[in-house]
Every structure is written in structure tokens, then in C-alpha cells.
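Worksheet: the structure to be examined is printed underneath.
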There are 2 protein chains.
Amino acid sequence: MKVNKLRITTKSKKYSIFIGRNLINNINNILRSEKLSFKKILLVIDKNVPSKFKKKLLKNIKTQSKKTFIFNPSEKNKSQKSIDEIHNILFKNRFNRDDCIIAYGGGITGDVVGYSASIYKRGMKFINIPTTLLAQVDSSIGGKTGINNNYGKNLIGSFYQPDLVVSDIDILKSLSSREIICGYAEILKSSLIDNYKNFKFLNDNLESIINIKQPYIGKAILNSCNLKKKIVQKDEVEKDIRKVLNLGHTFAHAYESCLGYSKKLNHGEAVILGIKNAIEFSYKQKFLNKRIYDLLKNHLENIPLNKKLTTLFKTKDVNKIITYMKADKKNNSKKINLILMKDFGKIKTDSQYNEAIIKKFLNLELKK
Amino acid sequence: MKVNKLRITTKSKKYSIFIGRNLINNINNILRSEKLSFKKILLVIDKNVPSKFKKKLLKNIKTQSKKTFIFNPSEKNKSQKSIDEIHNILFKNRFNRDDCIIAYGGGITGDVVGYSASIYKRGMKFINIPTTLLAQVDSSIGGKTGINNNYGKNLIGSFYQPDLVVSDIDILKSLSSREIICGYAEILKSSLIDNYKNFKFLNDNLESIINIKQPYIGKAILNSCNLKKKIVQKDEVEKDIRKVLNLGHTFAHAYESCLGYSKKLNHGEAVILGIKNAIEFSYKQKFLNKRIYDLLKNHLENIPLNKKLTTLFKTKDVNKIITYMKADKKNNSKKINLILMKDFGKIKTDSQYNEAIIKKFLNLELKK
């Protein structure tokens with residue numbers, strides 16, 4: 001069994017990420033090797049985790065007291081109400097700071113459980129076992145936690161690092177191809193931020209990766225996590241460097257908001273569309289040369305994505321999209337901040353544009 | 001104008017604490033000297049801040065956009081509802097992470113505002129201007145924020161350091177003697193944790209300090225903040241070292257809980273009673289010698305405190321007190337953790353006792 005272990009060192013915590021096959025069956029060995037032991041564990045299990053994997057974890061987690069809570073992940077349930085429900089279980093069972101809560105599921109589950117942990121008695125132990133490709137390569141690393149409210153997505157939350165992340169590759173085989181594409185979006189983004197070599201690996205092995213073939217998928221996950229590790233270690237609370245991770249995300253978030261975070265367009269799909277926009281915009285602003293632009297455009301077209309900007313939106317939606325872009329957490333002026341690309345490994349984070357320029361750009365994109 | 005400036009360096013933030021006279025009038029100079037500037041500020045003003053001081057701050061804070069929210073501080077209002085109210089103002093006025101929220105008031109105001117800041121878009125700028133002696137020497141330093149819920153006090157919260165603390169001594173003259181005693185409790189506690197020299201200064205100048213006479217009160221505040229600074233810098237998230245700050249607090253919190261956090265007994269009064277217990281218990285366990293015990297007992301008797309354990313509780317309340325002691329966040333087993341004293345500067349944090357021993361002790365204390 002080939003297991004990769006990444007060690008993350010942030011100002012607030014040091015912890016490990018395990019990536020490999022057959023990890024759920026070995027969870028007790030992993031905990032022991034990390035010197036993690038808990039009297040009480042609350043397992044928050046995503047409703048979408050296949051029953052076989054649910055049983056595997058329940059069987060293999062050994063502890064004095066074990067509670068479970070089945071969580072139905074949706075943007076609606078990414079709410080204060082869910083936090084209260086989880087806290088009620090913790091308080092009723094007298095959990096303390098040294099006890100542990102485990103998130104076993106996708107990104108929403110991880111975000112909700114991580115946030116619950118961060119504010120319970122000012123912070124309790126937290127383990128993340130991401131079960132989707134997107135969560136394995138993205139949300140489980142970096143300590144961003146949060147919930148939505150009436151004003152928008154992820155507007156309440158904290159930076160809170162887990163004590164351990166376990167990414168079992170076996171579980172990915174149960175995902176739909178749409179969910180895999182969703183995770184692939186972040187893998188691709190990471191490679192662009194990182195270097196040409198990692199992009200080339202994706203470009204050469206796209207089909208094997210999205211078919212969850214080893215060793216390709218494992219290497220793709222590892223590369224992506226490694227990039228996130230480098231960035232998070234340098235900038236834990238998104239002051240500056242970490243902004244590169246938002247490549248394409250200003251567009252992506254606006255699209256998702258505009259569609260009310262419905263199932264019409266999931267996050268990864270929005271990110272691919274956002275990256276396409278960011279590449280196009282970067283090329284038009286002459287930040288990106290023709291050769292790289294063509295290479296990227298070709299790769300993006302090879303991703304089996306069933307979503308197109310032109311079918312999702314009409315030109316009359318542009319004003320609405322712009323309104324959402326202006327509400328982005330990254331903006332600190334009236335202008336819109338875009339994260340753009342100059343070259344592999346060279347991301348430009350400080351570009352501010354008037355809405356008129358972006359409106360013109362989007363109008364053209366929607367007429368393509 | 002003699003102003004003391006303490007520089008706090010924790011893992012997550014570096015910031016300054018200003019202690020001195022006439023600081024509110026000079027708030028703009030202080031902000032400039034700290035290189036802090038904000039487009040938007042929300043001023044959360046404690047209802048108990050005298051109108052004169054309210055006006056002073058409002059006049060002297062210069063910024064593009066300034067909102068105010070008058071907060072009625074009470075244990076009941078130390079709630080998620082208050083957090084939602086504050087967040088509503090921030091969202092409606094499109095505050096972002098680089099904008100600032102200022103707490104201008106006592107400890108409850110600081111805790112609520114600090115917690116609001118910590119989870120708003122995963123953390124916004126936060127300035128604390130404590131207006132009670134207790135808040136100046138205690139809650140404004142160390143980054144503990146939080147609210148109460150149905151299960152108890154401060155059970156939801158975060159560790160979140162402010163960007164600046166401004167402690168203006170002038171405002172203390174408006175406090176009742178009861179509020180001053182409340183702050184003095186923490187000043188005394190700090191001296192016991194620190195060293196004999198600081199305790200001697202308090203013992204020699206008790207009357208001047210509780211009458212807010214300069215330079216005594218200024219020095220007492222500074223010493224207390226300095227001690228907290230040393231500890232918080234070593235241990236930001238209360239893992240071990242920071243536990244010394246809970247000297248007497250296991251008893252104190254249980255008394256407050258038992259009385260439903262009513263006005264019968266405020267936090268500082270409870271802390272003095274708790275320190276008395278901790279000293280007595282430490283002496284009975286032979287951790288403390290007779291000479292120090294007598295010195296401390298004498299000092300504690302000289303504090304003009306109108307509260308006695310024997311009038312607040314009856315022996316039949318002991319079981320209830322014990323139940324609350326067992327619920328303390330510091331416990332991580334069935335035993336009760338007490339923070340005890342061996343000498344000035346020597347605090348014992350690892351003592352665990354069965355409830356029977358503590359029950360016997362409390363029964364004796366209540367029969368005195």
C-alpha cells in the first residue's frame with residue numbers, strides 16, 4: 001500500500017494529510033501513528049457517503065464513546081441551524097475541547113463540521129475525512145470553514161486547521177463523473193498556479209485521471225495538495241499570497257450566486273467556466289501569450305463538461321452577474337478584483353477593473 | 001501625558017495595548033501611530049459608557065463611514081441573537097474584512113464584539129476600548145471571545161486577537177466602587193501568579209488603587225497587563241501555561257452559575273471568593289506555608305467586599321456548586337481540576353480532586 005503523507009505546518013497548528021488507498025480500514029493505525037487519541041468522538045457522516053464506506057469507518061474507529069450524526073449536505077443546510085444541531089449533540093454528551101469531531105463527507109460537510117469545531121468551547125479537535133475529489137484536493141486543506149446566511153455564501157466562518165486529514169482514494173470510485181469533473185477543476189487550477197510540469201502531467205493523462213486510474217489520480221491529488229500546502233503555510237488567513245487560489249473564482253462565485261447555487265451548476269463546473277474566463281481575460285489584457293493561451297484553451301475543451309456559459313445565461317443576466325462579482329469578499333474597493341494568469345506559476349492577484357470593462361467582456365463571452 | 005504601550009506578539013497577530021490618561025481624545029493619533037486606517041468603522045457602544053465619554057469617542061474617531069450600535073450588556077444579551085444583530089449591520093453596510101469594528105465598553109461588550117469580528121467573513125479588524133477596570137486588566141488581553149448559550153457561559157467562542165487595545169484610565173473614575181473591586185480581583189490574581197514584588201505593591205497601596213489614584217492605579221493595571229501578556233504570548237489557546245490565569249476561577253464560575261449570573265454576585269466578587277477558597281485549599285493541602293497564607297488572608301480581608309460565601313449559599317447548595325464545578329471547560333476527566341498556589345509566582349495547575357474532597361471542603365467553608 002503506497003501512502004503519501006503531507007505534513008502541514010501553519011502558525012496555529014501542525015498536522016498531517018494522508019493520501020492513498022485503503023485508508024479507512026487503517027484509520028486506527030493512522031490515528032496511533034499521529035499520536036491522536038480521544039475519549040469521545042462525534043462522527044458527522046454525509047448522507048451521500050455510500051453505506052459500505054459508512055460501515056467501514058464505524059467499524060474501524062475505536063473509542064470509549066462514539067456518537068454519529070447523519071448530515072444532509074446542501075447549501076441550505078450549510079447554516080447556523082446545522083451548527084446548533086451539532087453543538088446540541090456535543091453539549092448533551094458533555095464533549096470537551098480534547099474530544100474530537102470527525103467530518104466524513106464532501107466539502108459542505110467539512111466546512112460545517114470544521115466551523116462547529118472551531119467555536120465549540122473556543123475550539124475542539126477536528127479530523128476531516130473528505131469523500132469527494134473536490135474536498136480531497138481543495139476544501140480539506142487550508143482551514144477555511146464556514147456557513148452561509150441570508151446575505152450570501154460562506155459569509156460566516158473561521159480559519160481553523162484540522163488535526164488530521166485522511167483522503168482515501170478508493171471512495172472516489174463511487175462518485176459520478178460530474179462530481180469528478182468538479183474536483184478536477186481544482187486540480188487543474190492548482191497546476192496552473194504551480195508550474196508547467198504539473199499542468200503537462202494533467203494534459204497527458206486527463207482521461208486516466210477522470211477515470212480514477214491509479215497511479216494517475218493519486219499523483220494528481222498529491223500535486224494539488226502540495227500546491228495548496230505551500231500556499232497555506234505561507235499565508236494562513238488569506239492576506240495576500242493565498243489569493244492566487246482564487247484564480248477564476250470571482251467569475252465562478254458570481255455564476256453560482258446568480259443561479260441561486262442550484263444543481264444547474266455545481267462549484268467545480270463554475271470554476272472551470274471561471275478559469276476559461278480568467279484565461280480569456282488574461283489573454284485579452286496581454287498578460288498571457290498566444291502559445292500558452294492555445295494550450296490551455298485546448299485542454300479546457302477536452303474536459304468533458306456539459307455546461308456552457310451561453311446556455312446558462314443570457315446577456316440580460318450580465319448586470320446581475322456583475323452585482324455578485326462586486327459583493328465578492330476579496331474586493332476592498334468599488335472596483336472588481338480579478339485573479340489572472342501571466343504564465344504557469346505566475347498568477348496576478350492585484351488587478352482591479354471597473355465594472356464597465358467586465359460588463360463588456362461578459363457580453364462578448366455570452367455572445368460566443 | 002505618560003502613556004504606557006505594551007506590545008503583544010502572539011502566533012496569530014502582533015498588536016499594541018495603550019494604557020494611560022486622556023487616550024480617547026487622542027484616539028486618532030494612536031491609530032495613526034499604529035498604522036491603522038479603515039474606510040468603515042462600526043462602533044459598538046456599551047449602554048453603560050457615560051454620555052460624556054460616548055461623545056468624546058464619536059467626536060474623535062475620523063473615518064469615511066461610521067456606524068454606531070448601542071449595546072445593552074448582560075449575560076442574557078451575550079447571545080447569538082446579539083451576534084446576528086451586529087452582523088446584520090455589518091452586512092447591510094457592506095463591511096469587508098479590512099473594515100473595523102470597535103468595542104467600547106465592559107467585558108461583555110468586548111467578548112461579543114470580538115466574537116462577531118472573528119467569524120465575520122472569517123475575521124475582520126477589531127479594536128477594543130475597555131471602559132471598566134475588569135475589562136482593562138483582564139478580558140481585553142488574550143483574545144478570548146465568546147457568548148453564552150442554554151448550556152452555560154462562554155461555551156461558544158473563539159480565540160481572536162484584537163488589532164489594538166486602548167485603556168483610558170480617566171474613564172475609570174465613573175465606575176462604582178463595586179465595579180472597581182471587581183477589576184481589583186483580577187489585578188490581585190495577576191500579582192499572585194507573577195511575583196511577591198507586585199503583590200507587595202498592591203498590599204502597600206490598596207486604598208490608593210481602589211480610589212483610582214495615579215500613579216498607583218496606572219501601575220497596577222500595567223503590572224496586571226504585563227503578566228497576562230507574558231502568559232498569552234507563551235500560550236495563545238489555553239493549552240497549559242495559560243491555565244494559571246484560572247487561579248480561583250473553578251470556584252468562582254461555579255458560584256456565579258449557581259446564582260444564575262444574577263446581580264447578587266458579579267464576576268470579580270466571585271473571583272475574590274474563589275481566590276480565598278483556592279488559598280485556603282492550597283494551605284490545607286500543605287502547598288502553601290503559614291506565613292504566605294496569613295499575609296494573603298490579611299490582604300483579602302482588607303478588600304472592601306460586601307459579599308460572603310456564608311450569606312450567599314447554604315450547605316444544601318454544595319451539591320449544586322459541585323455540579324457546576326464538574327462542568328468546567330478545564331476538566332477533562334471526571335475529577336475536578338483546581339488551580340492552586342504554592343508560592344508567589346508558583347501556581348499549580350494539574351491538581352485533580354474527587355468531588356468528595358471538594359464537597360467536604362465547601363461544607364466547612366460554608367459553616368465558617
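In what follows, every chain begins at residue 1, and chains take the letters A, B, ... in the order their sequences are listed. The structure displayed is predicted, hence computed values, not measured ones.
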Can you tell me which of Asn150(A), Asn149(A), Asp99(A) forms the most heavy-atom pairs within a distance under 4.5 Å of chain B? Asn149(A)

Surrounding NZ of Lys76(B) (heavy atoms of other residues, nucleotides or ligands, distance under 6.0 Å), is the total greater than 12? no

For Lys66(A), does the NZ atom have more than 12 heavy-atom neighbours from other residues, nucleotides or ligands under 6.0 Å away? yes

Which value, rounded to the nearest 0.5 Å, describes the distance between Ser158(A) atom OG and Phe159(B) atom CZ? 13.0 Å

Here the gap from Lys121(B) atom NZ to Ile156(A) atom CD1, rounded to the nearest 0.5 Å, amounts to 9.5 Å

Using only non-hydrogen atoms and a strict under-4.5 angstrom cutoff, which residues of residues 80-90 of chain B touch chain A? Gln80(B), His87(B), Asn88(B)

Just jot down the salt bridge (Lys or Arg N to Asp or Glu O under 4.0 Å) partners of Lys67(B), sequence neighbours excluded, or say none. none

For Arg122(B) versus Thr145(A), what's the shortest heavy-atom pair and its separation? NE-O, 2.8 Å

